[in-house]
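Atoms considered below: every heavy atom in the structure, side chains included; atoms not considered: hydrogens, waters and symmetry mates.
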Amino acid sequence: MTDAILVVNAGSSSVKVELFAADDALASLLSGQIEAIGLAPRLHLRDAAGATVADEAWPQGEGPRDHRAALAAIGAAVARAAGQRRIVAVGHRVVHGGAALAAPVVIDPAIRAELAALTPLAPLHQPHNLAGIDAMADLHPGVMQVACFDTAFHRGHPRVADTFALPRAFYQRGIRRYGFHGLSYAYIAMRLAAVAPALAGGRVVVAHLGNGASMCAIRDGRSIDSTMGFTALDGLPMGTRSGQIDPGVLLHLLTTEGYDAAALTRLLYHDSGLKGLSGLSSDMRALEQARTAEATEAIGYFVYRIRKELGALAAALGGLDGLVFTAGIGENSAAVRAAVCTGMDWLGIALDDQANARGETVISAPGSRVQVLRLPTDEERMIAIETLRLLLR
Ligand code: ADP
């Protein structure tokens with residue numbers, strides 16, 4: 001029987017899983033997800049060659065109804081598909097580690113309680129992450145479980161990047177700029193050491209552009225600032241999230257337009273960003289194909305904000321040596337990468353249009369002072385790496 005590490009990423013409407021061989025190479029054995037939890041759930045697992053090993057779909061209102069049931073269903077499907085492989089550890093993506101948890105940790109009752117206490121800081125995500133931990137403890141009693149945090153990579157921010165200009169007591173109460181997408185940034189920082197060693201010790205901005213989008217300023221492999229703050233709402237506009245907004249707008253909506261907290265939450269998390277601006281879709285691919293004036297404007301806004309944040313983060317770093325594009329849009333949209341880099345020669349960026357169109361790893365021109373890269377991210381693998389590290393400790 002060979003040993004395996006299960007990685008669980010329990011999000012708001014889906015649970016993603018991946019099984020890795022528990023040795024240094026961490027070969028991926030199985031991956032999949034259960035989607036549309038609470039609507040019309042669909043479970044799909046594939047092996048390393050991409051062949052389907054489990055595929056189930058339930059009509060509206062049937063099948064696993066909530067996260068607990070969905071986790072049990074996908075946990076059981078993985079256990080069946082794992083065959084002779086014994087799961088020796090489970091690594092979880094946990095959105096919030098608060099101010100104290102700056103590295104992955106083995107989950108024990110005290111840590112479980114600490115994570116639950118952080119729920120008010122991430123009410124839309126932390127409860128699902130906790131449900132994942134509880135479900136896997138039920139399915140695999142006694143097996144080591146590890147929490148890996150989206151916030152941890154940012155915990156070394158200087159205080160000036162970590163605070164708001166509120167009265168000092170708010171900082172002590174945890175009202176801070178935590179930053180997110182840290183597992184993706186940690187993975188990219190690790191990959192830089194392999195593919196661009198000169199950048200690994202330099203000043204780099206990473207643009208994680210997916211449904212959720214943020215940017216991170218990295219110096220010597222460590223995060224010094226990020227566009228996301230107290231929540232994953234700040235910074236860049238996203239698929240359905242507004243990104244940065246004048247807080248006065250929120251006060252106005254609350255005081256004169258009859259909004260309450262629930263209506264604001266819906267507006268800022270679900271109805272804004274690319275979806276709100278385009279009136280069409282949250283999906284970049286759909287917008288690029290649509291070519292309507294509104295879709296073009298939404299993409300233009302997205303690009304404009306990335307360019308502004310690039311300038312701001314370069315200033316925070318005191319200059320720029322590298323720019324990395326990653327995640328769904330960053331990895332796949334040559335048009336967005338080109339639009340971000342066009343006219344950025346003042347910052348030392350010169351794109352190689354052909355290399356960009358082909359989606360090569362290095363997409364800057366040979367003489368470009370700033371090296372521009374396209375690197376696929378892999379948050380699940382990062383969790384597996386950290387989980388193995390703690391398993392072997
Ligand atoms: P998540 O944050 O949910 O993990 P992803 O990193 O998968 O999201 O990114 C999803 C985004 O990537 C969507 O907007 C999608 O349209 C976009 N995307 C994926 N493939 C392409 C493509 N070939 N061209 C343009 N956009 C793409």
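Side-chain contact between D55 and R42 is present, with at least one heavy-atom pair separated by less than 4.5 Å. Annotation: side chain of F20 is not in contact with side chain of T387 (no heavy-atom distance under 4.5 Å).
Between S333 atom OG and I299 atom CD1 the span is 7.5 Å, to the nearest 0.5 Å. The distance from atom SG of C148 to atom CD of E386, rounded to the nearest 0.5 Å, is 5.5 Å.
The side-chain contact (heavy atoms from CB on, under 4.5 Å) search around Q289 returns R285, not counting sequence neighbours.
A cation-pi arrangement is found for R159 relative to Y171, the charged atom lying closer than 6.0 Å to the ring centre and inside a 45° cone about the ring normal. F325 does not carry R374 over the face of its six-membered ring by the limits of under 6.0 Å from the centre and within 45° of the normal. For the pair R307 and Y304, the cation does not sit on the ring face, since its NZ or CZ is not both under 6.0 Å from the ring centre and inside 45° of the axis.
With salt bridges taken as basic N to acidic carboxylate O contacts below 4.0 Å, one links D138 and R68.
A single hydrophobic cluster is seen to contain both I37 and L71, as judged by linkage of ILVMFWY side chains at heavy-atom distances under 4.5 Å, directly or through other members. Hydrophobic clustering, with ILVMFWY side chains joined whenever heavy atoms are under 4.5 angstrom apart, keeps L19 apart from I133.
Ring orientation note: the planes of F180 and H96 are nearly perpendicular, at an angle over 60° on the 30°/60° scale. A tilted orientation is assigned to the rings of Y178 and F230, their planes being inclined by 30° to 60°.
Heavy-atom minimum distance, A48 versus S28: CB-O, 3.2 Å.
Counting only distance, with no hydrogens or angles, the side chain of D345 and the backbone of I349 share no donor-acceptor pair below 3.5 Å. Listed for the R337 side chain is a donor-acceptor partner under 3.5 Å among the backbone atoms of E331.
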